[in-house]
Novice: 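Structure below; questions to follow.
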Amino acid sequence: MKKNYRNHKLTTLLAATAVIMFGVAFALVPFFNLLCDALDLNSINQSRARDVDVNPQLAHNIDHNRIISLRFDISYNDDFPWHVVATDPIMHIKPGSRQHTEYLAVNHSKITTTIRAIPSIWPPEAAKYLIKTECFCFEQQILDPYSSAQLPIYYYINPALPDHIEHITLSYTFFDISNFQPSTPAAPL
Amino acid sequence: MNNFFSFQNNVFLFKINKTYRFIISLFSLLLFNQPALAQHPEWRLNLPYGASEIAHKIYNLHMGVVYSLTFIALLIFIFLFFSLFRYRQKKNPQPACWSSNMRVEIMWWIIPTFILAIIAIPATYVLLYTADYEQPDMTIKITGKQWKWHYSYLDNNLAFYSNLSTPQPQQHNQAPKGVYYLREVDEPLVLPTHTKVRLLLTSTDVIHSWWVSELGFKKDALPGIITEMWVNIDTPGTYRGQCAELCGIGHAFMPIVVHALNEQDFKQWLIHKKEGSQQILQQDQQTYALNQLLTHGEQVYMRNCAVCHQPNGNGLPPRIPPLRGSSVETGEPISRHIDIVLNGVSGSLMQSFSNQLSDYDIAAVVTYERNAWTNNTSDLVQPHDITERKAYWQHQPNNVASHH
Amino acid sequence: MNPPDAVVPAPNHSSSPAPGLWRWITTTNHKDIGTLYILFAFTMFLIGGIFALFVRWQLFSPDVQIMDANLYNQAITMHGLVMIFGFLMPVGVGFANWNIPLMIGAADMALPRLNNLSFWVLVIAFIVLLSSLVLSQPGPNAGWTFYAPLSASYGPPSIDYMIFAIHLMGLSSIMGAINIIVTILNMRCPNMRLRDMPMFCWAWLVTSFLLLAAMPILAGTVTMLLFDRHFGTTFFNAAGGGDPLLFQHLFWFFGHPEVYILILPAFGVISQVIPIFARKPLFGYYTMVAALIGIGLLSFFVWAHHMFAAGIATGSQLYFMFITLLVAVPTGVKIFNWLATLYKGSISFEPPMLFAIAFLLQFTIGGLTGVMLALAPVNFQYHDSYFVVGHFHYVIVSGAVFAVFAGIYLWLPKWTGHMYSYRLANWHFWLSVISVNMTFFPMHFLGLAGMPRRIVDYSLQFTNFNMVSSIGALIFGVSQLLFIYIALRSFNHGKPASNHVWQGSKGLEWILSSPPPYHSFHTPPVFTHHEHTSHHHEEKLS
């Protein structure tokens, strides 16, 4: 009888440990979010999300004393069937001011292609201060053969941008996802 | 598996001879010491002092750390050998029996922490210096691609690919090796001195890493991600490096050559380079004889195709098909052959060359492939055939000249 | 077939093993399984060594010697995977299986059937991994770190073999780790507190927790890779909003603890060897334990120091530089404690001690180059160069592998009951120590002069040091054949070993006969602190 009792106690203990460890796994999520935030480790993915401003109370104060130069860059992955150009390769803007620019795209292949543009920002520290309010990169783009399109971006730079950053590169890599499996598009980024 | 155990006698003799030479040079090194070291780059054993401020700072930090750590190592080793010698069993048959001393133990938690903190101070300073990306004078975008580099002068509307130019026979011991074996390219990156050049890096396929040790550091080129570094070269010269991140079978064959010119020469070079791309356009409009195409085609083949398809056209089955005797290279229609070179084959290693090579290059290489080895079709493909084929695939001709 | 309880010895009730091959397949005896692990590990050592020698042959001079880049990339990948997962981890588990029950006075491991399963799963894992070379050319070729996207959309079909094999290896390691933790926590003989355990058991306790925490991360990572390859996810593919850097973060979040999983058991072995041959208790028992735990904890917070050149934010470069430098503190404490153990000892130089001394010297070099690599700005030059190859081979080969030799030479007479030939063992030591330095020291020079790692062919300026290195590798490889001869010969040759084997040996494993009976400690031994530990916390240096 005594032994059974001990087994019973051990089982309870082990089960409790399992439940607690399961809980700890979830408790680690906010911990790592904090860590990655503090170290700018997820800035690459951050620049892809439909942006939420980190510091909205500052967002409308235009900082007239600073000029940030923003370079719009284009890369194609592998054999990309479109030709894309940035209308303003470099923009000089004041933090806080609402801005707008666009890319021009031509599909020079004989088939309808679906593309997705993936933004990437350098320096990584700047990613959370460059806020895209509306961007063609939020959705996939489809172009018929030999047709063209204008791809707009609406954005601003939060004035909380650290003082030492004066140059930001916003690079879009264009991926052909026409043949991407599964055919259903990925969730909105 | 072909050449796994292929063992040629002459290669073996060559090797013995080399070993012998090596032993002699080892002795001469020991005899002549320092001056010999300076003369023989093959005995180089340290970081270069470099040609940019970043490289100098990193070199100085490196030397400082090497000296201080060597000093620490020597202290440890001296104490170790002293204990081993002084307290060997013969000399000290009765060991002490103490096994702890809190004061000493706490001390050697604290002292190393201090030493490391002291080392970390200059390291932090140099790191922040390398991270100062502000106020560049010009911007160049470097794109890694299996297995070549693409350089794009964003402010000057100039772009080109840079390929390994070491001939294939040198890699297979069929020709003597040049001085810059595997570290030479057809189109070097040309940079001005005393100019803060911002380098943007990305990749179109796998991860590559751009490393020239004279310029101070390396940075990865990641697909879909832009990274950045900067360089301000202080001495004109030629600096060599290569890809530093495993990127497939051509990893060892994507070298980097940087020509640093003074600002005046650099401007001259820019003008000259832009004229050069006009010449390529003219080349594309001419007609050539078979032997002209074959000679040029062999060069293009060895530089762009031979890594995978092998100099003898046998490929690396099953992933890379042979070209010798293949229906594409020997059969009709020729347009099928041209299309594969132009557009690549999706889902395979075969990439599209329509933006990488001029029409003249593609015509030459297609002609070469149709006539080399045992593919004696005597077909002749002219640059204008390629131009027509491109037009067929493209509604409006993409301005490829700017890519060349 | 009820699970064994504390009184009934092992499930294998007979006091002698089953005859023939069946014994080895069905065994649940910790000594048999320990032997199997060690034999398997050294088989893998030979296979991984052959890959290494082919690589060094290819790099002997600058041309295509014996293999093209396709085969070369497979050889380096296999060399890494086989040596890490097939040799160093199993040989450590083999040591643990043999020694932990003997050291803590237990009848067997706590979970003997699980023990058998974890060994045979490992064997299957390596059959799967190695068969990919034959069944699916080209074999895995993206390096042992198999960074995406080279291993994802650009990887050959054989990567799937590798993923499956890694799942199995992880399973085996997790089962082994659970077994060791349960054994150490529950099966110590009466009177033995945790702080009375030999340092080897402490090292394995910490290592087991590292294994438990790290291996599932690798399993998760390779599962994500598998999904990216076949099921349309894009964790590591930027085209779908994924991030190729995420793979590196995850891999090194596993990979850095993995490095300590390799080296901590080696620390444990060295902590056993040095007190025996210095005839003096281990100095600083508590700081040794604290350092083990400290290294174990820190290992989970330093991962991105493998990614300084990959384009991470400056702030995180600073953080990872500082915290990586901190790892040097507990590591340094261990070295100082070993030195203090030697100081005022009565030192003799039997083969295990020779290897332990070489470990001290060479591991110090590897540790100090590690401090250099931790400095982010200089790391821009060192990263992915032969300097890194030199560094981690100094830590792993001339460190951990030398500790393995020290351990084998220490316990072999206990395990087999026969002394081996000192003369041959000394030959093995001197050949190894000379050739290992000849192989790996020039690699530092090569890396500093600009040679990247994992290249199949190199420019002429790197020729000389590569030749030195290749010749060293050949000597090192051949001298290991001598080692295998020495070890196998002592199975049934050589003069019988006494129970204590060594003059200075202390601890429960040394009170048993050599070789110990098939089932030892049927009844728990009488453990007294003074007699059976090599450390005394009661006495302090005045």
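Quick note: numbers below take in every heavy atom, side chains included, and nothing from hydrogens, waters or symmetry partners. Letters go in sequence order (proteins before strands), and every chain restarts at 1.
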Novice: Most heavy-atom pairs under 4.5 angstrom with chain C, which of B/Q146, B/K57, B/H62, B/K219?
Specialist: B/H62
Novice: Are the ring centres of B/F217 and C/H383 closer than 6.0 Å?
Specialist: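 Ring centres of C/H383 and B/F217 not closer than 6.0 Å.
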Novice: Under a 4.5 Å heavy-atom cutoff, which of C/Q317, C/Q58, C/M321, C/K344 has the most pairs with chain B?
Specialist: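 Among C/Q317, C/Q58, C/M321, C/K344, the one with the most close pairs to chain B is C/K344.
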Novice: Can you see whether C/F349 has B/R88 sitting over its ring - NZ or CZ less than 6.0 Å from the centre and within 45° of the normal?
Specialist: no
Novice: So do the side chains of C/F387 and C/M443 get within less than 4.5 Å of each other, counting heavy atoms only?
Specialist: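 C/F387 vs C/M443: side chains apart.
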Novice: Looking only at the side chains, is there a donor atom on one of C/Q503 and B/Q89 sitting less than 3.5 Å from an acceptor on the other?
Specialist: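 Yes.
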Novice: If I measure from the heavy atoms of chain C, does B/Y180 come under 4.5 Å with its side chain, its backbone, both, or neither?
Specialist: neither
Novice: Counting only non-hydrogen atoms closer than 4.5 Å, does C/A148 touch chain B with its backbone (N, CA, C, O), its side chain (CB onward), both, or neither?
Specialist: backbone
Novice: Could you tell me which of B/T113, B/L84, B/I106, B/I119 has the largest number of non-hydrogen atom pairs under 4.5 Å with chain C?
Specialist: B/L84
Novice: What residue, out of B/V65, B/I115, B/T124, B/I111, has the most heavy-atom pairs lying under 4.5 Å from chain C?
Specialist: B/T124
Novice: Need one label for C/T364: side chain, backbone, both or neither, based on atoms under 4.5 Å from any heavy atom in chain B.
Specialist: side chain
Novice: For chain B, which candidate among C/A376, C/S153, C/A291 shows the most heavy-atom pairs at distances under 4.5 Å?
Specialist: C/A291
Novice: Heavy-atom distance under 4.5 Å to chain B: side chain of C/N70, backbone, both or neither?
Specialist: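 Its backbone and side chain both get close to chain B.
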Novice: Count the heavy-atom pairs under 4.5 Å between each of B/A96, B/C247, B/P112 and chain C, then report the option with the highest count.
Specialist: B/A96
Novice: At a heavy-atom separation under 4.5 Å, does C/P330 approach chain B through its side chain, its backbone, both, or neither?
Specialist: both
Novice: For the ring pair C/F308 and C/F320, is the centre-to-centre distance below 6.0 Å?
Specialist: no
Novice: Please classify the contact between B/E228 and chain C as side chain, backbone, both or neither, with a heavy-atom cut-off of under 4.5 Å.
Specialist: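 Neither part, no heavy atoms under 4.5 Å.
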Novice: Are C/W338 and C/F283 close enough that their ring centres sit under 6.0 Å apart?
Specialist: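 No, they do not, as the ring centres are separated by 6.0 Å or more.
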Novice: Do C/Y343 and B/F79 make the cut of ring centroids closer than 6.0 angstrom?
Specialist: yes
Novice: Does some side-chain heavy atom of C/R279 sit less than 4.5 Å from a side-chain heavy atom of C/S348?
Specialist: yes
Novice: Are the aromatic ring centres of B/F253 and B/W147 under 6.0 angstrom apart?
Specialist: no
Novice: When you compare the side chain of C/F60 with that of C/I471, does any pair of heavy atoms fall below 4.5 Å?
Specialist: yes
Novice: So which part of B/Y129 gets closer than 4.5 Å to some heavy atom of chain C, the side chain, the backbone, both or neither?
Specialist: neither
Novice: Counting heavy-atom pairs closer than 4.5 Å to chain B, which one of C/L150, C/I335, C/V378 comes out on top?
Specialist: C/L150
Novice: List the residues meeting side chain to side chain contact (heavy atoms under 4.5 Å, CB included) with B/S209, not counting sequence neighbours, and say none if there are none.
Specialist: B/K218, B/D220, B/A244, B/E245
Novice: Mind checking whether C/F146 and C/F247 have ring centres under 6.0 Å apart?
Specialist: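 Aromatic pair counts; centres sit under 6.0 Å.
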Novice: Can you list the residues of residues 67-74 of chain B that sit under 4.5 Å from chain C, counting heavy atoms only?
Specialist: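 The residues closer than 4.5 Å to chain C, in numerical order, are B/L69, B/A73.
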Novice: With only heavy atoms counted, which part of B/L128 is less than 4.5 Å from chain C, the side chain, the backbone, both or neither?
Specialist: side chain
Novice: Of all of C/I455, C/T314, C/I76, which one pairs up most often with chain B through heavy atoms under 4.5 Å apart?
Specialist: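 Most heavy-atom pairs under 4.5 Å with chain B: C/I455.
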Novice: Let me confirm one number: the CG-CD distance from C/D243 to C/Q248, rounded to the nearest 0.5 Å.
Specialist: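 It comes to 9.0 Å.
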Novice: Which of the residues C/I365, C/L446, C/D457, C/L448 is involved in the greatest number of heavy-atom pairs with chain B at under 4.5 angstrom?
Specialist: C/L448
Novice: Please determine, among B/I110, B/L127, B/V66, B/L201, the option with the most heavy-atom pairs under 4.5 Å with chain C.
Specialist: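 Maximum pair count with chain C is reached by B/L127.
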Novice: Select one option (side chain, backbone, both, neither) describing which atoms of B/Y59 are under 4.5 Å from chain C's heavy atoms.
Specialist: neither
Novice: Could you check whether any side-chain heavy atom of B/P48 comes within less than 4.5 Å of a side-chain heavy atom of B/S213, counting everything from C-beta outward?
Specialist: yes
Novice: If you count heavy-atom pairs under 4.5 Å with chain B, which of C/F322, C/F277, C/Y72, C/Y382 comes out on top?
Specialist: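 Of the options given, most contacts go to C/Y382.
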Novice: Can you say whether B/T130 sits under 4.5 Å from chain C via the side chain, the backbone, both, or neither, judging by heavy atoms?
Specialist: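 The answer is the side chain of B/T130.
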Novice: Taking side chain as everything from C-beta outward and backbone as N, CA, C, O, which of these in C/A142 sits under 4.5 Å from a heavy atom of chain B? Side chain, backbone, both or neither.
Specialist: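 Contact with chain B: backbone only.
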Novice: B/W211 versus chain C, heavy atoms under 4.5 Å apart: side chain, backbone, both or neither?
Specialist: side chain
Novice: Is the backbone N or O of C/G284 less than 3.5 Å from a side-chain atom of C/T287, with the two atoms forming a donor-acceptor pair by type?
Specialist: yes
Novice: Can you tell me which portion of C/M451 sits under 4.5 Å from chain B's heavy atoms? Options are side chain, backbone, both or neither.
Specialist: backbone
Novice: Relative to chain C, which segment of B/V126 carries a heavy atom at a distance below 4.5 Å: side chain, backbone, both, or neither?
Specialist: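 Both parts, backbone and side chain.
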Novice: Do C/P452 and C/D384 come close enough that some side-chain heavy atom pair is under 4.5 Å?
Specialist: no
Novice: Hey, are the side chains of B/H172 and C/D63 touching, using non-hydrogen atoms and a 4.5 Å cut-off?
Specialist: no
Novice: With a 6.0 Å cut-off on the ring centroids, do B/F85 and B/F81 count as close?
Specialist: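 No - the distance between ring centres of B/F85 and B/F81 does not fall below the 6.0 Å cut-off.
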Novice: May I ask you to test the C/L360-B/F77 pair for a side-chain heavy-atom distance under 4.5 Å?
Specialist: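 In short, these two side chains do not touch, never coming nearer than 4.5 Å.
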Novice: With a 4.5 angstrom heavy-atom cut-off, is it the side chain or the backbone of B/S83 that approaches chain C, or both, or neither?
Specialist: both
Novice: Select, from B/I58, B/I76, B/T227, B/L47, the one with the greatest count of heavy-atom pairs under 4.5 Å involving chain C.
Specialist: B/L47
Novice: Can you see whether C/N73 engages B/H251 through a side-chain donor-acceptor pair at a distance of less than 3.5 angstrom?
Specialist: no
Novice: Non-hydrogen atoms of chain B under 4.5 Å away: do they reach the side chain of C/Y147, the backbone, both or neither?
Specialist: side chain
Novice: With a 4.5 angstrom heavy-atom cut-off, could you sort out which part of C/Q74 is near chain B: side chain, backbone, both or neither?
Specialist: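 No part of C/Q74 comes within 4.5 Å of chain B.
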